[in-house]
Structure formats: structure tokens, C-alpha cells
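Okay, so here's the structure we're looking at.
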Amino acid sequence: MTKLLEWLFGVSVLGGVWASVTFDLFDLKLPQTYREVAWPMPLYLLVSFGCYSLATVGYRVATFNDCDEAAKELQEQIKEAKEDLRKKGLKM
């Protein structure tokens, strides 16, 4: 089973549970407060997922490793390219 199918299966199970509680499909005789709490639950989950994603991206950016060797190599390549262009007559 691929990750996509796993996620789709999980979302469909959660959606089915949400629909059965919100619309009382199986006549479970749940209190009205349960339905009032369950109705906006997809929005809460979406906001929570957005916050988690933002925190994850922020953490990864904050802990991004510097590549000193690659930076030096890139600077050397830039110098070589500038020298090559000067030899060909380009003025910078």
C-alpha cells in the first residue's frame, strides 16, 4: 500500500466518523453538545496541520547546515567565470 492510499484511507475513516457523529447517521442518540463540537472539527484539524507544517519548516530553516566548503568552491567558480568573461571582452 502506498503512502497516498494510507493517507486517503485515514482521511476517509475520519470523514466517515465525523459524518456519522455530525449528522447522526446511525441514530446513536448522542447529546447535542457532541454534534456541536464535532461540526467544526475539520477546520480545527486543518488549522492544526497548518501550524505543525509552519513550525516544521521554521525549525528546518533554523537548523539548516552551512556548507563552508561548497560556498568556497562556488566563490572560486564565480571568480573563474568572471575572469573568463573578461578575457572574452565583457566589461563588468
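None of the values given here were measured: they were computed from a predicted structure. Only heavy atoms go into these numbers, but all of them, side chains included; no hydrogens, no water, no symmetry mates.
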Do Lys72 and Asp68 meet the salt-bridge criterion of a basic N to acidic O distance under 4.0 Å? no

Same apolar cluster: Phe49 and Val13, side chain cutoff 4.5 Å: no

Taken to the nearest 0.5 Å, the spacing of Leu5 CG from Phe9 CZ works out to 11.0 Å

Are side-chain heavy atoms of Leu14 and Val11 found at a separation under 4.5 Å?
no

>> Has Arg35 got a side-chain atom pairing as donor or acceptor with Leu30's backbone, closer than 3.5 angstrom?
In response: yes

Margin query: With a 4.5 Å cut-off on side-chain heavy-atom distances among I, L, V, M, F, W and Y, is there a chain of contacts connecting Phe26 to Tyr34?
Written below: yes

Query raised in the report: Should Met41 and Leu25 be regarded as members of a common hydrophobic cluster, given that ILVMFWY residues are connected when their side-chain heavy atoms come within less than 4.5 Å of each other, either directly or indirectly?
Result: yes

**Request:** Taking Ser20 for its side chain and Val17 for its backbone only, find out whether a donor-acceptor pair lies under 3.5 Å.
**Result:** yes

| task | State, yes or no, whether a side-chain contact exists between Lys82 and Lys79 at a heavy-atom distance under 4.5 Å. | result | no

**Prompt:** Would Glu6 and Lys3 satisfy salt bridge (charged side-chain N to carboxylate O under 4.0 Å, His left out), going step by step from the backbone distance to the final call?
**Reply:** CA-CA 5 Å; Glu6 289 177 12; Lys3 275 294 190 195; 3.4 Å; yes

Residue set satisfying side chain to side chain donor-acceptor pair (under 3.5 Å) with Glu69, at least two apart, ordered chain then number -> none

> Do the side chains of Val57 and Tyr59 join up, straight or via other hydrophobic residues, at under 4.5 Å, putting them in one cluster?
Replying inline: no

Residues passing the side chain to side chain donor-acceptor pair (under 3.5 Å) test with Trp39, sequence neighbours excluded, are none

Would you say Ser12 and Leu8 make side-chain contact, with heavy atoms under 4.5 Å? no

For Ala38 and Trp18, the nearest pair of non-hydrogen atoms, with its separation, is O-NE1, 2.5 Å

Sorted by chain and number, sequence neighbours left out, side chain to side chain contact (heavy atoms under 4.5 Å, CB included) with Leu46 holds for none

